[in-house]
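Below, all heavy atoms of this structure are taken into account, side chains as well, without hydrogens, waters or symmetry copies. Because the structure is predicted, anything quoted here is derived from the model rather than measured. We count residues from 1, following the sequence as given.
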Amino acid sequence: VVMGGGIAAAEAARINIAFRELDGEKLKAETALRPGYTPGDLGFDPLGFSKDLSADEFKLMQEKELAHARLAMIAAAGFLAQEAVTHATWGTVYGLPDF
């Protein structure tokens, strides 16, 4: 319940930042995204990595982030596949069967 509430709050915040309000009569917006909004840029940058970046550099950093995230997901799938095949966790290699 707590996790669902957190996800709902995060998504509500993202929608408020990124998307326009609907027209009351047509129930449509001219464009879905707010002007000047860059997809994926919700203003969360606590270490200030993107504050001095140009638009092109920011786009390049987004591409790098996606590439690394995809590689991490493949690695996580590899861990799960290894555990499914050997029926042992990866910690058993180091003598830590519960890890």
Side-chain angles (χ1 to χ4, degrees):
V1 173
V2 174
M3 186 169 73
I7 291 170
E11 285 299 310
R14 183 184 66 85
I15 289 168
N16 286 334
I17 291 170
F19 295 97
R20 291 183 177 201
E21 295 291 326
L22 297 178
D23 182 5
E25 295 175 12
K26 297 185 280 185
L27 294 179
K28 288 188 176 182
E30 293 177 20
T31 62
L33 296 177
R34 292 184 189 270
Y37 171 73
T38 302
D41 184 15
L42 300 177
F44 180 76
D45 188 14
L47 299 177
F49 289 132
S50 66
K51 67 180 176 182
D52 296 328
L53 297 178
S54 69
D56 291 336
E57 291 172 326
F58 185 76
K59 182 81 171 162
L60 181 64
M61 291 298 281
Q62 280 183 319
E63 291 174 10
K64 288 179 181 180
E65 183 179 7
L66 284 174
H68 289 108
R70 289 175 180 148
L71 183 62
M73 286 187 279
I74 291 170
F79 282 131
L80 294 174
Q82 175 265 327
E83 289 180 13
V85 171
T86 64
H87 301 290
T89 64
W90 60 273
T92 56
V93 172
Y94 301 110
L96 304 169
D98 295 334
F99 187 60

Inter-residue atom distance Met61.CE - Asp56.CG, 0.5 Å rounding: 13.5 Å
Nearest 0.5 Å please: distance from the CZ atom of Phe58 over to the CG atom of Asp45. 8.0 Å
Counting N and O atoms only, with roles assigned by atom type, does the side chain of [X] sit under 3.5 Å from a partner on the main chain of [Y], one being a donor and the other an acceptor?
X     : Y     : result
Arg34 : Phe19 : yes
Thr86 : Gln82 : yes
Thr92 : Gly95 : no
Glu11 : Ala8  : no

Is the shortest side-chain heavy-atom distance between Gln62 and Leu66 below 4.5 Å? no
Check this for me: Glu65, atom CD, are more than 12 non-hydrogen atoms of other residues, nucleotides or ligands nearer than 6.0 Å? no
